[in-house]
Amino acid sequence: MTTTSPKAVRVRMAPSPTGPLHIGTARTSLYNFLVARHTGGTFVLRIEDTDVARGNEAYEREIIEGLHWLGLSWDEGPQVAGGDDIGPFGPYRQSQRMDRYAAEAERLLAAGSAYRCYCTPDELEAERREQQARREAPRYSGRCRKLSEEEREAFETEGRTSAIRFAVPPEKVVFDDIIRGRVEFDNALLGDFVIVRTDGMPLYNFVAVIDDAAMAISHVLRGEEHLSNTPKQIALYEALGYDVPLFGHVPLILNPDRSKMSKRKTQTAVSAYRGLGYLPEALVNFLAFLGWSPGTEEEIFSLDELASRFEIEKVHKAGAVFDADRLDYLNGTYVRSLGDEQLALRLRPFVPAVIDDAAIIRLVPLVRERLVRLADVVELASFLWEPDAVVASRYEAELLAPKGGGPAEAALALSRAREMVAELDAADFSADVLEDRFRAAAAELGIKPADLFKPNRVALTGRTVSPPLFASMELLGRDRCLARIDEALAKLQ
RNA sequence: GCCCCCAUCGUCUAGAGGCCUAGGACGCCACCCUUUCAAGGUGGAGAUCAGGGGUUCGAAUCCCCUUGGGGGCACCA
């Protein structure tokens, strides 16, 4: 990394368990992971669960599971099973660090860098409305900042509870963002923001600073939506007497309309992609290239290869649209690159139990080149496990007919096939033999092979599109082929 | 409204002053292969580098302005 820091590289991901693992969080985590692996640094996982109202343990589990699934392993973080934390800077769950936050709030209070605010939500709301009416920026006036001792006591005896606000120094803040370059803000434009709520819960901008400092984070790499939080946090670092880390704000992932990627417009849950059968290596590869490129024409990279090439300084400034077509393409590429056993293993969760492991391996060659997502195996191969009646329920006379033909041509093709299948014993019932026989029959009948094949494809699978016919027949077996051809013939009566 | 950020084919991007009459990939369109669908192969359309000013012998690349887009302005993270 060219931005040399005297300290060792320590980066972190800090997801909040208020929802499923988001694609954007996954990509930011990936970038942090890649920086750590590229530099030999340390990757820390910290759970930001201070918002008890929205937080949820199930989400925490889901996020951790999703991160594992993607292969983003961390060096320090909370123990998953609820046991001890891993690493010297724990606990790594903010809900377990409350005493530290309280102590730091006290320090700030004592130093006069923070003060108690007794304003009620109604009062604040009224203040905001007035400001808006005057077309001013909505921000806290700071009136509790200069409360006298008597006024404070009056509020206390009145029974009012207080929040703690940070007295923002009205100065310009300049920092060199690793990705964006020099960025300037004027903190004089900011109101004093709350760092500890009335109910005692500390807030994000405050705890993130304390923890990043306590955990010796050297590079804070996060989403662009945090860019405007940075000057507030820098002011906090300084008031608290901490070293200010380096910041890098990665561009947003966008909906097709170029707004920030959101659930309403794009699927944002990593688990949803997993459920559809996207491979983690494909998703990682795809995400890595959303806002970064190694500058080569090569585009398929494993996590290790990405780690060796990744440079945070080369991450783009502009947002990138999430292009589902490209993800599909990459996924297909990864699926096709898998060996029989590997692909069978990945397919296992998508295929019913009646299809045993050995049968999945036999199925793999039929579907490999046709799968975009693993879940597509159902559409492609369900005829193998569907009862004959279900397949037959899809028959229609027009579907059964060969191109340009009618029921008569369909019946001819079907009955000829029935004869051939019937005279083959189980031992000879292979794709090769079937293909030879069928082609010979087509020649004998004086029809195009395709016209003999199509009615049988529909009869056997209930679909006009299927994996190669003869290999499908082999997997189906002689008896089921006969039964289905008979059903189709009956449909034509 | 205020603050901040951004800007190369529809999309992801290469490009760090001359190698650019802008390269690759996805998607799209043809054709080839082919029992359907895919996969694969070949070819094609597609970006006056948002617009306008500079700087320079020379700008997609540097500077300024405009326009457009986005993000943020919580007792959420």
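By convention in this document, chain letters (A, B, ...) are assigned in the order of the sequence lines, proteins followed by strands, and residues within each chain are numbered from 1. Only heavy atoms go into these numbers, but all of them, side chains included; no hydrogens, no water, no symmetry mates.
- One finds no side-chain N or O of A/Lys403 lying less than 4.0 angstrom from the OP1 or OP2 phosphate oxygen of B/rU36.
- Across all strands, A/Pro231 comes closer than 4.0 Å to no nucleic acid atom at all (heavy-atom distances).
- You'll find that the side chain of A/Lys314 is closest to B/rG15, out of B/rC75, B/rG15, B/rA77.
- One can find a donor-acceptor pair under 3.5 Å joining the base of B/rC37 and the side-chain atoms of A/Arg370.
- Between A/Met261 atom CE and B/rG71 atom P there is a gap of 14 Å when expressed in whole angstrom units.
- The aromatic ring centroids of A/Phe289 and A/Tyr329 lie 6.0 Å or more from each other.
- Applying the 4.0 Å criterion to OP1 and OP2 of B/rA74, one finds that A/Arg197 has every side-chain N and O outside that range.
- Contact annotation for A/Asp451: no contact, since no heavy-atom pair falls under 4.0 Å across all strands.
- Proximity of A/Tyr329 to the phosphate of B/rC26: a side-chain N or O atom is located under 4.0 Å from OP1 or OP2.
- Among the protein residues, A/Leu254 comes within range of no part of the nucleic acid, since none of its heavy atoms lies under 4.0 Å from any strand.
- A donor and an acceptor atom sit less than 3.5 Å apart, one in the side chain of A/Arg457 and one in the base of B/rU35.
- Counting only heavy atoms from C-beta on, A/Asp325 has its side chain closest to B/rG27 among B/rU35, B/rG72, B/rG27.
- Between B/rG70 and A/His249, no contact under 4.0 Å exists linking OP1 or OP2 to a side-chain N or O.
- If you check every strand for non-hydrogen atoms under 4.0 Å, A/Pro138 touches a base.
- Under the 30°/60° scheme for interplanar angles, the aromatic rings of A/Phe438 and A/Phe453 are found to be tilted.
- For A/Arg326 against B/rA25, a side-chain N or O and a base N or O form a donor-acceptor pair under 3.5 Å.
- Using a 4.0 Å heavy-atom cutoff across all strands shown, A/Arg439 reaches at least one base atom of the nucleic acid.
- Positionally, the nearest nucleotide of RNA chain B for A/Leu371 lies more toward the 5' end than for the other of A/Ala14 and A/Leu371.
- Nucleotides of RNA chain B nearest to A/Leu327 and A/Thr198 differ in position, and the one nearer the 5' end is that of A/Leu327.
- Applying the 4.0 Å criterion to OP1 and OP2 of B/rU13, one finds that A/His316 has a side-chain N or O inside that range.
- Applying the side chain to side chain donor-acceptor pair (under 3.5 Å) rule to pairs touching residues 437-447 of chain A yields A/Glu435-A/Arg439, sequence neighbours excluded.
- The phosphate of B/rG71 has neither OP1 nor OP2 within less than 4.0 Å of any side-chain N or O from A/Ser259.
- For A/Tyr31 and A/Phe310, the ring centers sit closer than 6.0 Å to each other.
- Contacts of A/Ser293 with the nucleic acid, taken as non-hydrogen atoms under 4.0 Å apart, involve only primed sugar atoms and P, OP1 or OP2.
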